[in-house]
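Right, one structure below, let's go through it.
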Number of protein chains: 2
Amino acid sequence: MNKKPFLNYINRYIHLTIEEENLLFSKIIERNYLKDQYIVQQGDTCKTVNFIISGCTKTFYMNTDGQEHIVGFSIEDWWTSDLGSFITQTPADFNVQCLENTKLFQFTYDNLEELYEEIPKLERLFRKITERAFVASQKRIIRNFSLSAKERYQIFKTTYPKIEQRVPQYMIASYLGITKEFLSKIKSQMTQER
Amino acid sequence: MNKKPFLNYINRYIHLTIEEENLLFSKIIERNYLKDQYIVQQGDTCKTVNFIISGCTKTFYMNTDGQEHIVGFSIEDWWTSDLGSFITQTPADFNVQCLENTKLFQFTYDNLEELYEEIPKLERLFRKITERAFVASQKRIIRNFSLSAKERYQIFKTTYPKIEQRVPQYMIASYLGITKEFLSKIKSQMTQER
DNA sequence: GATAAAAGTTAATCTAGTTTAACTTCATTT
DNA sequence: AAATGAAGTTAAACTAGATTAACTTTTATC
């Protein structure tokens with residue numbers, strides 16, 4: 001178990017003693033998923049929050065006529081879960097599926113509750129992480145309302161250049177809230193403009 | 001200073017001793033704003049997070065050609081701020097303006113940082129509040145992509161019946177991401193269907 | 001290296017929602 | 001109670017993006 005990436009990550013927010021680090025890692029489960037496997041399925045209760053060591057996931061909602069709406073992608077050094085399902089321990093609205101073979105550090109609900117008691121600093125860690133995630137989510141809502149599909153695509157490209165290269169176009173279209181055909185049109189427009 | 005509504009609110013998440021309560025309230029500033037006054041202005045750094053005792057606010061983004069995009073409304077027992085600006089202490093993306101005379105409990109950045117040190121339970125409180133806000137924000141993104149304007153309006157009406165009655169229609173249209181003219185059309189459709 | 005399946009492209013047609021503009025209703029001030 | 005302005009309505013013309021469908025390119029499989 002290579003603890004480095006996760007320690008580097010949490011050190012951006014809090015500092016733990018050696019004892020705390022050991023306690024923390026004693027409750028983390030390392031797990032590997034294969035490409036296409038599901039970490040969470042819509043309707044199941046989400047059992048874990050997951051830190052990605054390597055790999056890539058998509059979080060999506062599938063509506064009744066089988067249309068897939070992508071809420072987000074996650075890669076190394078970020079989290080993946082259905083947080084709503086996890087915190088309330090009720091059925092998930094979203095699916096989380098691996099787009100590559102993916103290695104995770106998993107926190108189960110009970111383990112995380114115990115850790116919050118044992119290492120109160122972790123409350124701060126997750127408070128700060130969630131604050132940032134919330135702010136990003138609010139900004140995305142406004143962008144979706146106030147910008148055209150082309151502008152949103154350009155922002156996506158500059159904000160998440162790594163993700164753009166790892167994920168098929170039709171999923172990016174879904175993330176942007178447009179059809180794959182329209183994204184294709186936007187891209188051909190953009191090459192002509194150059 | 002009537003502490004009851006705020007104490008009832010936080011008791012849903014954490015329990016404080018009398019000493020902790022006293023310390024908490026010693027750092028809360030009660031403040032009244034008049035209708036139309038700004039609590040935060042786009043470009044300024046947001047100095048406070050604010051719990052609403054009475055009144056109503058809107059949070060909105062104003063784009064370069066003066067178009068207003070409403071991120072959200074807040075009423076009694078909820079929070080209002082530009083959280084992104086507050087946590088990073090950088091210029092705000094959003095405006096927060098009172099739609100009614102509004103009474104707030106304000107936490108300044110420094111007071112809140114001190115309180116986190118003095119009452120670690122508050123980290124848990126704000127972690128949980130932010131988790132819920134993030135989950136709601138994610139669900140809104142999906143609804144905006146997967147539902148028609150009419151469906152979104154119907155959900156708004158049932159989810160926030162109190163807000164619908166206190167806020168002008170053109171602001172609700174902005175919140176839903178549509179024009180006031182189109183909301184008007186939706187409403188007339190809905191009355192004809194009955 | 002042939003074949004099939006998945007991903008991406010192009011173009012015609014269509015529609016949900018926008019824009020513009022004139023009009024009505026309601027609230028506020030004098 | 002008249003006058004002004006803000007909020008809401010209606011309808012015609014318009015457009016960003018969806019839908020449908022045929023086609024091409026890439027990737028995976030035998």
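Everything numeric here is computed off the predicted structure, so don't read it as measured data. Here is the naming used below: chain letters follow the sequence lines, and residue numbers restart at 1 for every chain.
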Please determine, for the side chain of [X], which listed nucleotide ([options]) has the closest atom?
X	options	answer
B:Glu181	D:dG17, C:dT20, C:dG17	C:dT20
A:Pro168	D:dA7, C:dA7, C:dT9	C:dA7
A:Lys180	C:dT18, C:dT9, D:dA11	C:dT9
B:Phe182	C:dT18, D:dT9, D:dA7	C:dT18
B:Ser188	C:dT9, C:dT18, D:dT10	D:dT10

Whole angstrom is fine here: how far is it from [atom1] in [X] over to [atom2] in [N]?
X	N	atom1	atom2	value
A:Met171	C:dA7	CE	P	7 Å
A:Phe145	C:dG17	CZ	P	11 Å
A:Ile178	D:dA16	CD1	C1'	11 Å
A:Gln169	C:dT9	CD	C1'	11 Å
A:Lys35	C:dA6	NZ	C1'	10 Å
B:Tyr153	C:dA16	OH	P	19 Å
B:Asn144	C:dA16	CG	C1'	15 Å
B:Leu176	C:dT18	CG	P	10 Å

Would you indicate, yes or no, if [N] has its OP1 or OP2 atom less than 4.0 angstrom from a side-chain nitrogen or oxygen of [X]?
X	N	value
A:Tyr170	C:dG8	no
A:Thr179	D:dA18	yes
B:Arg152	C:dG17	yes

Could you go through A:Leu99 and A:Lys35, starting from their C-alpha distance and side-chain angles, then the distance that decides it, and tell me whether this counts as side-chain contact (heavy atoms from CB on, under 4.5 Å)?
CA-CA 5 Å; A:Leu99 300 179; A:Lys35 185 176 173 184; 5.9 Å; no
Checking side-chain polar atoms at under 3.5 Å, does B:Gln106 have a donor or acceptor matched by the opposite partner on B:Asn50?
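Yes, a side-chain donor-acceptor pair sits under 3.5 Å.
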Between the side chains of B:Glu117 and A:Arg124, is the shortest nitrogen-to-carboxylate-oxygen separation below 4.0 Å, so that they form an ion pair?
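Salt bridge between A:Arg124 and B:Glu117, a charged N being under 4.0 Å from a carboxylate O: yes.
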Quick check: do B:Phe94 and B:Val40 have side-chain heavy atoms less than 4.5 Å from each other?
no
Drop me the distance from A:Leu183's CG to A:Phe156's CZ, to the nearest 0.5 angstrom.
9.5 Å
